2 protein chains.
Amino acid sequence: MATIRDVARLAGVGVGTVSRVLNNHPSVREQTRRRVLEAIEALNYHPDPSARRLSLRRTLTIGVIVPFITNPSVVERLRGITLGLEGTEYDLVIFNVETVQNRDRYFKEVVRGKRVDGLIVISLSPTDDEAERFAQADLPVVLVDAAHPRLPHVIIDDVQGGMMATQHLINLGHRRIAFLGDIHPNPFGFTASYHRYLGYMQALEKAELPYEEKYVVLGEHSRYTAYALAMGLFDQSPPPTAIFAASDTQALGVLAAAREAGYHVPEDLSVVGYDDVETAHYLGLTTIHQPLVDSGIEGVSLLMKILAGEEVPNEIRLPLSLVVRQTTAPPRPGPKTIA
Amino acid sequence: MATIRDVARLAGVGVGTVSRVLNNHPSVREQTRRRVLEAIEALNYHPDPSARRLSLRRTLTIGVIVPFITNPSVVERLRGITLGLEGTEYDLVIFNVETVQNRDRYFKEVVRGKRVDGLIVISLSPTDDEAERFAQADLPVVLVDAAHPRLPHVIIDDVQGGMMATQHLINLGHRRIAFLGDIHPNPFGFTASYHRYLGYMQALEKAELPYEEKYVVLGEHSRYTAYALAMGLFDQSPPPTAIFAASDTQALGVLAAAREAGYHVPEDLSVVGYDDVETAHYLGLTTIHQPLVDSGIEGVSLLMKILAGEEVPNEIRLPLSLVVRQTTAPPRPGPKTIA
DNA sequence: CTGTTAGCGCATTCAC
DNA sequence: GTGAATGCGCTAACAG
C-alpha cells in the first residue's frame, strides 16, 4: 500500500506538496499538481483514513444511536440519515440498543474519547445528566424524534398529533375512545407515546367527553403487547368503539386482536395509528403521518451545520397530517350509544 | 482531554508501561499497575481510538453493505450483525445502497485504503472482478444471503426453498401455480429470487406439471410492482389458483392485489411467500422460514474468525422450513380443475 | 519488569 | 510555490 511519501518521491516533490494537492490547496503550481496527480494515479494511492483522522484530530465519523433497529419507523429515520450523509466525508457508525443497559452504556461510551465527531440519537431522550455530559465533552448531538431543552432536535408536535387522531374519532361520532400506548416514564426514555396521550386527553376535554381510566391501557412497545392490551379493552363493558394506538406497530396488534375477537374494522371498531409506516399504507390503516425519512435528513443537516460552526435552531418541527384510510368509520348505532 | 503521557507523568511511569496496563499485558508489577490505574481514573483518561488505529494498523471497524436498508429481511440480518458485534472491539459502519451506482461505488471504495478491517455484504453477490479486487486488497469479506465461490458466505438453499414452497402448493392439489419474482439478472446482483424460481421449476417438473410461461411474472423487487404483476396474473385465462412469491414483501403485494380483485385468500387463491419476516407472522402468511437474524450473527462469527487468522468453511448453510399459516389451502374445486 | 525510542501516515507550520 | 521538520496519541521493539 503506497503512502504519501511514495507519491512524493515518484513525483519528485515533498510530502507537503502532495498533501496540498490532496486537500486541493490553491497554492500549488498547475504543473506540479499534474505531476503529483499522475504519481497518485500510477501508484493507485489512497490516503490512509486513520492517519488523516489522527492528524486532523477529527474522526470523520458520525455515530447514531438507534433503539430497536428493526422497528419500521426507526429504520426509516435511519435511512434518512444515510441519505443525508451520502456525499459527505463522514462515515456512519451505528449503535443498536435493545436493552436499557446498552442504552445507558452507549450514552456514556460514545461520548468519551474521540470516537465520533457528532452524534445523532433517534427516539431516545437523554436525561439532564446525559445532556450535561454531552456539553462537557463538547460533542455535538442532535436528537431525532426526541427532545431536550439544551439539545437541537428534530421533532413533531406529538401532543398535537394525539389531538388530531382523537379529534378525528370524535368527529366521526365516537364517544368511547380508548388510548393504547407505552408505559411512561420508561427506562429507555421514549416520550412520544406520552405526548400523544396528552393530546388524546386534551381532545377529550375539548369535546367535553369524560376521561375514563379503563379506556387507557399501557404496556411495553410491541405488537404483541398491544394485542393483549386490546383484548383487555374488548372485555370492558361497555367496550370502546374506537382505539387510538400510539404507534402503527401497536395499531397492528390492535387490528390482529380485533380480527381474533371477531370485530369487524371499521364497522365494529375504529382504529387509528401513528407514524404512517409503509405497512400502514398497505393495510389501509388510518393514521397520523409524519415525515420519517425527512426527520433523518433534517437531523443530519443540523449536525453538519453545527460541525461547520454555524448556528442552528434548537428545534425543528416537522408537519403532521391525518391520513384517513379504511380503519375508521362512524360507530355502529347500538342501543348504548344512542344519546 | 488527557493523553497517555499525562497518565504516565501522573503515575510516575513511562508511557510504555501505561500502554501495557491498557492492553493488559501480563508483565506489569501489580503495584505499578494499580498506580497507573489510579492515574487513569483520576484523569478520566480514555485512549484515543484514532491514534490506536494508526499505530495498530487496524481500523477496528467492520463495514456492512446493505441494499435498501428499510427492507424488513435486510434489516433483520443487520440486526443480527449488530448483535454479533456487541462486546467486540469493532465499530460497525454502514453503507446503504439504493442505486446501482452506489452499489458499484461502495464495492470499490470500501475496499481501497484502510477503511475497514473486514466487510460484510448483505444480499448482494459480487462479480468475479469484484471478488478478485477483494482478494488483492486482502480484505476479508463475508457474504450473507449471497454467494461467490471464492468468498465465505452464509446462505440458505434457495433452490430447495423454492421447491418446498411449490411442493406445498402441489400437495394441496394446485396445478396452475404462478411464480412472481425479481428480474434476473439484475444490476444489483440479487440472486435469491432466481434460485427460488429454479426450485419452482424443479418442483413442477418432478410433479410432471407443465411449465407455463404466462404464469411466471418478474419485476423489480417491491410490494407495488408485485401488486401490479399479480393483477396481470389474474387476467390470465385461466388464472392461477396459487401464487408463489419470491419474498414476503412481494407476497404482501399479491395479497393486496387479491383483496382488490375480490379474491378470497385462501379459498380462491393460495399465496406463499418467502423469508418469514415479522409481518408474515402477523398476517398469517404461509411462507418459507429462514433464520434472518442468525444469518447476521453467523456472518459476524465467520468474519471474526477470519480476522483471528482461523480457517473457516467457505459456506454455511442455514436450515429452511415451511411455515403453513392461513394463506394456503386446496384449490376450490371448479369445473376446470377437475381432472 | 519498565523507561526510552522509533515509527504509524498524514497535515501543517516555518523557512526558503 | 515548495521542501523539511514537527506533532497527532498510541504501540511495540529494544535496552537496561
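Everything numeric here is computed off the predicted structure, so don't read it as measured data.
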Describe the nucleic acid contact of B/Gly113 in one word from base, sugar-phosphate, nothing, applying a heavy-atom distance below 4.0 Å.
nothing

A/Gln136 versus A/Asp138, side-chain donor and acceptor atoms under 3.5 Å:
no

Donor-acceptor pair between A/His221 and A/Asn186 side chains, under 3.5 angstrom
no

Is the Lys NZ or Arg CZ of A/Arg103 less than 6.0 Å from the centre of A/Tyr106's six-membered ring, within 45° of the axis?
no

Between [atom2] of [N] and [atom1] of [X], the distance in whole Å:
X        : N     : atom1 : atom2 : result
A/Arg9   : D/dA4 : CZ    : C1'   : 15 Å
A/Arg35  : D/dG3 : CZ    : C1'   : 13 Å
B/Gln31  : C/dT2 : CD    : P     : 9 Å
B/Arg112 : C/dG9 : CZ    : C1'   : 18 Å

For B/Arg105, I'd like to know if atom CZ has over 12 heavy atoms of other residues, nucleotides or ligands within 6.0 Å.
yes

Does the plane of the ring in B/Phe68 sit parallel, tilted or perpendicular to the ring in B/Phe188? Use 30° and 60° as the thresholds.
perpendicular

Could you list the donor-acceptor pairs under 3.5 angstrom formed between side-chain atoms of residues 300-315 of chain B and any protein atom two or more places apart in sequence or on another chain?
{"unit_1": "B/Asn314", "atom_1": "ND2", "unit_2": "B/Pro149", "atom_2": "O", "d": "3.1"}
{"unit_1": "B/Glu315", "atom_1": "OE1", "unit_2": "B/His153", "atom_2": "NE2", "d": "2.7"}
{"unit_1": "B/Glu315", "atom_1": "OE2", "unit_2": "B/Arg317", "atom_2": "NH1", "d": "2.1"}

Going 5' to 3' through nucleotides 9-16 of chain D and flagging B where a protein heavy-atom sits under 4.0 Å of the base, S where only the sugar-phosphate is that close, and - otherwise, we get BBBBB---

